[in-house]
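What follows is a set of notes on a single structure, which appears directly below.
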Protein chains: 2
Amino acid sequence: MPRHRKPTLNDIARDSGHSIATVSRAMSQPELLQPKTLERIREVAARLGYVPNRRARALASGQSETIGVVVPTLNSPIFSSTLQEMQRCFAANGFQLLIASHEYDPANEMAALAQLISHGVDGMVIVGARRSRSCWALLEAAKLPLVQIWEGLPAHDRVTVDNQQAGYLVARYLLDIGHRRFGVICGHLQNNDRQSARVEGIRAALAQDGVTLARTQISEQALTISSGRAGCMTLLEMLPRPTAVIGTADLLAIGAMFEAQGRGIGVPDALSVAGIDNVDVAAHLSPSLTTVDIPAANIGAEAAALMLRRVRQEDTTPSTSISLPVTLVVRHSTARPME
Amino acid sequence: MPRHRKPTLNDIARDSGHSIATVSRAMSQPELLQPKTLERIREVAARLGYVPNRRARALASGQSETIGVVVPTLNSPIFSSTLQEMQRCFAANGFQLLIASHEYDPANEMAALAQLISHGVDGMVIVGARRSRSCWALLEAAKLPLVQIWEGLPAHDRVTVDNQQAGYLVARYLLDIGHRRFGVICGHLQNNDRQSARVEGIRAALAQDGVTLARTQISEQALTISSGRAGCMTLLEMLPRPTAVIGTADLLAIGAMFEAQGRGIGVPDALSVAGIDNVDVAAHLSPSLTTVDIPAANIGAEAAALMLRRVRQEDTTPSTSISLPVTLVVRHSTARPME
DNA sequence: CGAATTTATGAAAACGCTTACATCATCGGG
DNA sequence: CCCGATGATGTAAGCGTTTTCATAAATTCG
């Protein structure tokens, strides 16, 4: 009666009178066994309540059926959709996710990667391309299938969206309806190539029309609604006041909109506000938020699919790049400038 | 030069002229070695670029420094805050998280738990107490430290918030300011004890004042803003119209508010709307949302702390229960009914 | 100064599984 | 009727650690 130890293949082998190898095969390659043998083994396994020990399996076979994912943060509407979908796809194929976040701190990221690698993941999904030389060295040394998402270097697989294009689209639209004085609220650009690319895209559009973006017209903030408000507050002090504010993440734009409205500055009449991401709530706000749709869930699905092909070695092309389209979604938070 | 294989303890042992046991100790219990020996081994390890293989370590020691977490969904503002904080706490202590989601499907949950158990996690964090007998059997059989969060059975450790109290508080408040006709939008109650408890809390408050809640006054919905809108639409068809709508999750309440406003029904003048969760955006909406604050991040922190104590066997009390306070946050989406 | 401790290291047996190889029937074809 | 395939199963060698126990060296002490 005292079963303190979990049953192992060995126990099943003993009880069923077969060798441990046969029992192992019953678990992983049942088609190799005679139906009768298989049935007997399965019965014993069920009776003992056998659960395979994957870490032993991993050690012996070199495959852990585990994928490491490192994201900046888990509680962002964008990354969490990507993660949710990625998790779904991997789980459906028997893979588990080891998830870590670094909260935009390079040292944290390095530590997380090292941890995941030493845990023996079969592959690694990382966000963005901008990381230290030593961080890349670590990844190279691990010789793991690597999928970069959101942004990525050509040297490795990547599933990206054109963040620069996203910035371009929203700025181009605002220019087209007549805006010339802009304010931009963005995330900290330091270690964040997604945000940087979006700002560059905005710059590119403005440059086409000869509009420049001074340092004072950009406010770097954390990626929250409150920070969006704060950023907007700063920008509204500019004289003459901007006629349009772009948040390079919807949370920032939403914060900006709230701040403007709170100060009695009508959106879009007195100020146009636009974002990038197309988070759920954007469509429902009043006014609804003009933004650029980023297919966050799709990124997760495509990254998972690509990774699965790599891990199973079905795809051995040197390095695949999947780029998903971003699309401008014009809603009601933007309008022609008044003057 | 051709280093295809990653260096192992054995390689270090050979190169340094020490035994593999000594090298192992250099990694895990350096204080046992002579400084000179330690230094030599460390030098060789560094030169070879040694990274310990945790799955081998796990197999040999029985400890994987890995915790399994199963949540309903990753892309919910609430769960993702809990996860983010939990991840932070665990990572700071060298533990990695294997995260799975089941999207409110019991079969998925069962599969996820089985997978995580067979991956050899040192502990498991699960949301809620309501799950099938076989699911519990699986967990019992695994004999793992188990921490339930949000809701939980007394038989195991748990870090909870009083969801019933949350429902009670918001309903009590609305009653106190004069409301008698209510509509409730909640998540699907089937396998969700958090949502069920909140609805019960509302019922309890109403019962105190002799107000009943008919089946038609409750709309079960998915936990999204759109569903909140849909739910509100249904409830507004009631005659006479409710004077207050409670969403048992902020996303639902937010959707309800948008829907009412979209139909020209003023909030809070013609309709009071209140939620539960206190998500980030709630404070910024106009009108700002009356809600009940749920310390989601704290749940993660407390759960991590408790689990760490269990895994390290520092805490061997039979079963601990930590209950975090919920607090009513009155804002501007609620007011006395007009009539 | 030798017995009793203590300290640093090594040898080898796990941990639970996979898998290359060996074995032994079974079987169809020449 | 024997030979080479084919198929089912067993044997045993890993996989990279930890850990127990033994051993050898250094230290303490009566």
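Protein chains get the first letters and strands the later ones, always in sequence-line order, with residue 1 at the start of each.
Using a 4.0 Å heavy-atom cutoff across all strands shown, Ser61(B) reaches sugar-phosphate atoms only and no base atom. At the heavy-atom level, Ile20(B) lies under 4.0 Å from base atoms of the strands shown.
One finds a side-chain N or O of Thr37(A) lying less than 4.0 angstrom from the OP1 or OP2 phosphate oxygen of dT9(D). Note on His18(A): every side-chain N or O is 4.0 Å or more away from OP1 and OP2 of dT9(D). Between Thr22(A) and dG10(D), a side-chain N or O to OP1/OP2 separation shorter than 4.0 Å is present. Contact between the side-chain N/O atoms of Ser24(B) and the OP1/OP2 oxygens of dT17(D) is not found at any separation under 4.0 Å.
Across the protein-nucleic acid pair, Asp11(B) atom CG and dT17(D) atom P stand 9 Å apart, rounded to whole Å. Nucleotide dA8(D) holds its P atom 14 Å from the CZ atom of Arg40(A), rounded to whole Å. Whole-Å rounding puts the Arg54(B) CZ to dC15(D) C1' distance at 18 Å. Put simply, NE2 on His119(A) is 22 Å from P on dC15(D), counting in whole angstrom units. Protein atom CG of Leu59(B) is 9 Å distant from nucleotide atom C1' of dC15(D), rounded to whole Å. A straight line from CG of Asn10(A) to C1' of dT11(D) spans 13 Å, rounded to a whole angstrom. In this structure, CG of Leu33(B) is placed 18 Å from P of dA25(D), rounded to the nearest angstrom. One interatomic measurement links the two molecules: NZ of Lys6(B) to C1' of dC15(D), which rounds to 13 Å at whole-angstrom precision.
For Gln34(A), taking side-chain heavy atoms from C-beta onward, the closest of the listed nucleotides dG16(D), dA8(D), dT18(D) is dA8(D). Out of dG10(D), dT17(D), dG14(D), the shortest distance to the side chain of Ser19(A) is found at dG10(D).
Proximity of Trp136(A) to Leu146(A): side-chain heavy atoms (C-beta onward) are separated by under 4.5 Å at one or more points. For the pair Gln195(B)/Leu223(B), a side-chain contact is recorded, criterion being any heavy-atom separation below 4.5 Å from C-beta on. Under the 4.5 Å side-chain criterion, counting only non-hydrogen atoms from C-beta, His119(A) is not in contact with Leu98(B).
Crowding of Gln313(A) atom CD: a count of heavy atoms from other residues, nucleotides or ligands under 6.0 Å not exceeding 12. More than 12 heavy-atom neighbours from other residues, nucleotides or ligands sit within 6.0 angstrom of CD on Glu140(B).
Judged by distance alone, with hydrogens and angles left aside, the side-chain atoms of Asn93(A) form no donor-acceptor pair with the main-chain N or O of Phe95(A) at under 3.5 Å. At distances below 3.5 Å, at least one donor-acceptor pair connects side-chain atoms of Ser319(B) with backbone N or O atoms of Pro154(B).
Of all nucleotides in DNA chain C having an atom under 4.0 Å from a heavy atom of chain B, the first and last in 5' to 3' order are dA8(C) to dG16(C).
At a cut-off of 3.5 angstrom, counting only N and O atoms as typed in the model, there is a donor on one side and an acceptor on the other between the side-chain of Arg25(A) and the base of dG10(D).
Here Lys36(A) does not pair with Glu39(A) in a salt bridge; the nearest charged N to carboxylate O distance is not below 4.0 Å.
At a cut-off of 3.5 Å, with distance as the only test, no side-chain donor of Gln115(A) or Glu65(B) sits close to an acceptor on the other residue.
Rounded to 10 degrees, the angle separating the terminal axes of the helix from dC1(C)-dG30(D) to dG30(C)-dC1(D) is 50°, with each axis obtained from five end pairs.
Along DNA chain D, the nucleotide closest to Ala21(A) and the one closest to Arg55(B) are compared, and the more 5′ of them pairs with Ala21(A).
A distance of 6.0 Å separates CD1 of Ile41(A) from CG of Leu33(A), quoted to the nearest 0.5 Å.
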